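Computed from a prediction, not measured in an experiment: that's the story for all the values here. We name chains A, B, ... by the order of the sequence lines, and we start the count at 1 in each one.
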Amino acid sequence: MLITLKDGQREFPDGMNALDIAGQLSQDLKKAALAARVDGEVTSLVAPIAKDSALEILTFADDDAKRVLRHTASHVLAQAVKKLVPGAKLAIGPAIDNGFYYDFDVAEPFTPEFLKEVEKEMQRIVKKNDRLERFELPRAEAIAFMQEKNEPYKVELINDLPEDAIISFYKQGDFTDLCAGPHVPSTGKVKAFKLTSIAGAYWRGSEKNKMLQRIYGTAFVSQEELDAYLARIEEAKKRDHRRLGRELDLFDVQDEGPGFPFFYPKGMVIRNQLENYWREIHHKAGYDEIKTPIILSRSLWERSGHWDHYRDNMYFTKIDDGDYAVKPMNCPGGILAYRRTMRSYRELPTRCGELGLVHRHELSGALHGLMRVRCFTQDDAHLFMTPDQIRDEIKGVYALINGVYTMFGFPYHVELSTRPENSVGTDEMWEVATRGLQGALDDLGVEYTVNEGDGAFYGPKIDFHLEDSLGRSWQCGTIQLDLNMPELFDLTYTGPDGEKHRPVMIHRVVYGSVERFMAILTEHFGGAFPLWLAPVQVKVLTITDRADAFATSVQKQLDDAGFRAELDLRNEKIGFKVREAQMAKIPYMFVIGDKEVEDGMVNVRTRKGETLGSLPLADVLSMLKEEVDTKSIK
RNA sequence: GCCAAUAUAGCUCAGUCGGUAGAGCAGCAGUUUCGUAAACUGCAGGUCAAGGGUUCGAUUCCCUUUAUUGGCUCCA
């Protein structure tokens with residue numbers, strides 16, 4: 001058979017497997033090989049290749065090979081747990097980004113000490129280097145096999161496989177698991193691994209099901225790589241916004257208000273800068289700004305559908321004898337603002353923004369720093385338009401969001417979320433709305449994944465996800481197309497024909513929530529905010545008190561020029577003052593000593609440790625102004 | 001909300017096999033006037049998360065509650 005390799009074609013005997021082919025190419029490759037990609041499909045190294053094919057030998061550098069190795073590691077984990085707790089029932093154990101997990105149903109929850117034992121047992125299994133052998137069974141036999149092993153979850157999984165599915169198993173030593181594969185050839189390939197945590201997880205992800213015990217771990221081909229990975233995680237934790245928020249005195253959440261964050265003076269500077277920027281770009285994009293009340297009557301929420309579909313997440317209050325709710329979303333307010341007057345088609349589209357403070361009762365276990373809180377400010381806007389304006393408006397919003405994320409240098413991914421179970425409106429409305437969003441994304445040529453059933457209760461949405469320092473993804477921007485609320489509130493505009501028509505509504509946010517966005521921002525920049533956002537932009541440091549007068553006048557000039565500058569006249573050594581400014585991640589330090597006083601210059605140091613030397617203040621000011629005005633993220 | 005872990009000074013963490021606690025940093029007070037990431041000395045700082053139980057005695061052991069962390073679920 002003719003095998004096409006990445007650097008040319010070669011003839012090999014029919015039925016030869018990828019591992020042996022690798023061996024003929026180089027012994028090093030054979031040793032490093034974990035899996036193969038045959039005609040684009042990831043397969044086991046030991047699967048015979050029957051015909052002319054394109055072949056890639058995959059080593060750990062390849063993401064698919066990482067998954068194969070980690071999947072095998074999850075089997076090793078399951079084998080070890082079964083050995084130590086024979087009564088444990090196996091659920092599922094896939095590879096995930098950066099690692100793997102396996103779910104078990106056990107009578108007693110796992111403990112951290114137990115993990116140590118499991119790791120030891122896994123070492124033994126890896127050392128034995130058992131081959132992983134694949135075999136298939138017909139459906140009935142597969143079920144009988146797992147029934148006999150007393151693995152009810154596996155039986156359920158097999159029952160749910162499509163009729164024509166090939167049901168395969170992998171056997172290593174005395175352990176066999178239902179698995180589609182592929183795997184590495186033998187357990188010895190799992191050279192370096194670590195079990196990282198224990199967690200509860202619902203069977204099949206539904207809180208209606210039993211909670212199983214999940215063990216998370218990760219695996220690499222060498223101890224060095226594992227150590228490097230663990231060191232990277234430790235490093236990433238230093239960027240955690242909860243930690244930086246406290247260290248840099250920006251914000252925090254206190255026990256007295258779980259999920260209700262505090263913002264301190266330095267944090268407010270960042271927040272206000274973000275809001276100023278937001279107003280600026282929205283003004284340019286043709287938006288007006290409004291503010292609607294935080295508390296509104298119960299009847300409004302009943303009409304909007306929130307009472308039926310969102311009540312569990314809402315806070316309520318009583319005023320005199322009336323029932324009121326604290327708003328969990330801004331849309332009903334935005335709708336009342338639209339509805340206050342007769343609208344003509346000539347006014348459409350209307351774009352009305354609101355930095356709206358909303359409160360939502362999130363589950364206590366879901367709270368996470370500023371990322372998930374119980375009160376937050378959405379940089380919301382509601383657009384009302386005629387149906388034929390939908391695509392252009394969606395594109396306009398997309399451009400706005402893309403522009404902001406790109407300006408900050410944030411990579412993001414896009415998801416399209418469709419109709420959830422608990423929703424309002426007719427099938428037709430949902431169909432039209434979903435097609436509208438999809439059409440706009442396709443027009444723009446945007447890559448996206450579809451998230452079935454994850455839309456808002458009133459409409460489908462396009463979600464923008466950003467990543468935190470540990471690679472966890474958080475939804476920030478969203479564009480939601482809504483045909484339902486206009487119906488529920490009987491919104492109209494007068495068309496050119498003089499008749500009343502129903503407008504279409506778009507709900508959208510750019511930052512998502514100002515709080516979450518600040519968290520992402522903090523982690524992304526590791527607390528070293530770009531100059532335009534930095535709470536303190538310049539710190540003026542004196543070397544001796546002979547420089548006090550000049551330093552004070554420098555600070556005054558900075559202040560007059562609109563910069564946020566602080567003065568450090570303390571009787572401390574310059575090295576100490578620099579260190580403190582450095583740790584506060586202040587972008588620029590102006591060092592002033594006898595020399596500078598004499599020359600009338602400032603000696604500029606950046607937080608990156610560069611010393612720019614003595615410069616005339618006027619020159620430095622125009623340089624900094626340029627950096628602020630362009631919102632440079634250097 | 002569910003599973004698990006954790007909670008000691010402003011922060012990071014020791015410690016007590018049950019006899020009411022300690023370090024570094026930060027803070028404060030002195031001394032030091034010094035050239036780009038840590039001067040020196042001293043002082044002060046804690047209901048050991050909260051409530052209950054066991055005990056002669058609980059910060060330590062047990063229970064409950066609260067909060068936090070990592071997941072699950074949910075979501076901006």
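Atoms CG (A:Asp103) and P (B:rC3) sit 16 Å apart, rounded to a whole Å. A:Leu541 has its CG atom 17 Å from the P atom of B:rC34, to the nearest Å. If you measure from atom CD of A:Glu207 to atom P of B:rG1, you get 12 Å, rounded to the nearest angstrom. Rounded to whole Å, the distance from NZ on A:Lys210 to P on B:rC2 is 17 Å. A:Glu572 places its CD atom 13 Å from the C1' atom of B:rG30, with the value rounded to the nearest Å. In this structure, OH of A:Tyr511 is placed 25 Å from P of B:rC75, rounded to the nearest angstrom. Distance A:Met314 CE to B:rC75 C1': 16 Å, rounded to the nearest Å. What separates CZ of A:Arg243 from C1' of B:rG10 is a distance of 16 Å, to the nearest Å.
At the heavy-atom level, A:Ala201 lies under 4.0 Å from the strands shown only through sugar-phosphate atoms. Within the 4.0 angstrom heavy-atom criterion, base atoms lie near A:Arg360. Nucleic acid contact for A:Phe517: none, since no nucleic acid atom lies under 4.0 Å from a heavy atom of the residue. Using a 4.0 Å heavy-atom distance criterion, A:Gln254 is classed as making no nucleic acid contact. Across all strands, A:Ile198 comes closer than 4.0 Å to base atoms (heavy-atom distances). Nucleic acid contact class of A:Val509 (heavy atoms, under 4.0 Å, all strands): none. Across all strands, A:Arg472 comes closer than 4.0 Å only to sugar-phosphate atoms, never to a base (heavy-atom distances). Base engagement by A:Glu596 is indicated by at least one non-hydrogen atom pair under 4.0 Å involving a base atom. A:Arg516 comes within contact range of at least one nucleobase, with a heavy-atom separation under 4.0 Å. If you check every strand for non-hydrogen atoms under 4.0 Å, A:Lys461 touches sugar and phosphate atoms only. At the heavy-atom level, A:Asn313 lies nowhere under 4.0 Å from the strands shown. Within the nucleic acid shown, A:Met589 has no heavy atom closer than 4.0 Å to any nucleic acid atom.
Here A:Lys238 pairs with A:Glu235 in a salt bridge; the nearest charged N to carboxylate O distance falls below 4.0 Å. Using a cutoff of 4.0 Å between basic side-chain nitrogens and carboxylate oxygens, A:Asp160 and A:Arg204 are scored as salt-bridged. Salt bridge status for A:Lys237 with A:Glu523: absent, with no side-chain N to carboxylate O gap under 4.0 Å. At a threshold of 4.0 Å, the pair A:Arg239-A:Asp468 does not count as salt-bridged, since none of the basic side-chain nitrogens sits closer than that to a carboxylate oxygen.
Open room surrounds NZ on A:Lys116; 12 or fewer heavy atoms of other groups in view lie less than 6.0 Å from it. Around CD of A:Glu108, the count of heavy atoms belonging to other residues, nucleotides or ligands within 6.0 Å does not exceed 12.
Minimum atom distance to the side chain of A:Arg242 is reached by B:rG70, of the listed B:rG70, B:rU33, B:rA76. Among B:rG1, B:rC34, B:rA76, the nucleotide with an atom closest to any side-chain atom of A:Leu363 is B:rG1. Comparing B:rC74, B:rU33, B:rG35 against the side chain of A:Ile574 picks out B:rG35 as the nearest.
The base of B:rU66 is not paired with the side chain of A:Asp255 by any donor and acceptor separated by under 3.5 Å. Counting distance only, with no hydrogens placed and no angle test, the side-chain atoms of A:Glu247 and the base atoms of B:rG10 include no donor-acceptor pair under 3.5 Å. Residue-to-nucleotide contacts include a donor-acceptor pair under 3.5 Å from the side chain of A:Tyr202 to the base of B:rG1. One can find a donor-acceptor pair under 3.5 Å joining the base of B:rC74 and the side-chain atoms of A:Arg372.
The backbone N or O of A:Tyr511 sits less than 3.5 Å from a side-chain atom of A:Asp379, completing a donor-acceptor pair.
Taking the six-membered ring where the residue is Trp, A:His282 and A:Tyr287 present perpendicular rings, their angle passing 60° and hence far from 30°.
Cation-pi contact between A:Arg214 and A:Tyr101: present, with separation from the ring centre below 6.0 Å and deviation from the ring axis of at most 45°. Relative to the six-membered ring of A:Phe251, A:Arg242 misses at least one condition, a distance below 6.0 Å or an angle of at most 45° to the axis. A cation-pi arrangement, defined by a distance under 6.0 Å to the six-membered ring centre and an angle within 45 degrees of its axis, is absent between A:Arg607 and A:Tyr588.
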What dot-bracket string describes RNA chain B from 5' to 3', counting Watson-Crick and G-U wobble pairs whose defining distances are under 3.5 Å, with [ ] for crossing pairs and | for pairs to another strand? (((((((..((((.....[..)))).(((((.......))))).....(((((..]....))))))))))))....

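Taken residue by residue, residues 575-586 of chain A places heavy atoms nearer than 4.0 Å to RNA chain B at A:Gly575, A:Phe576, A:Val578, A:Arg579, A:Gln582, A:Met583.
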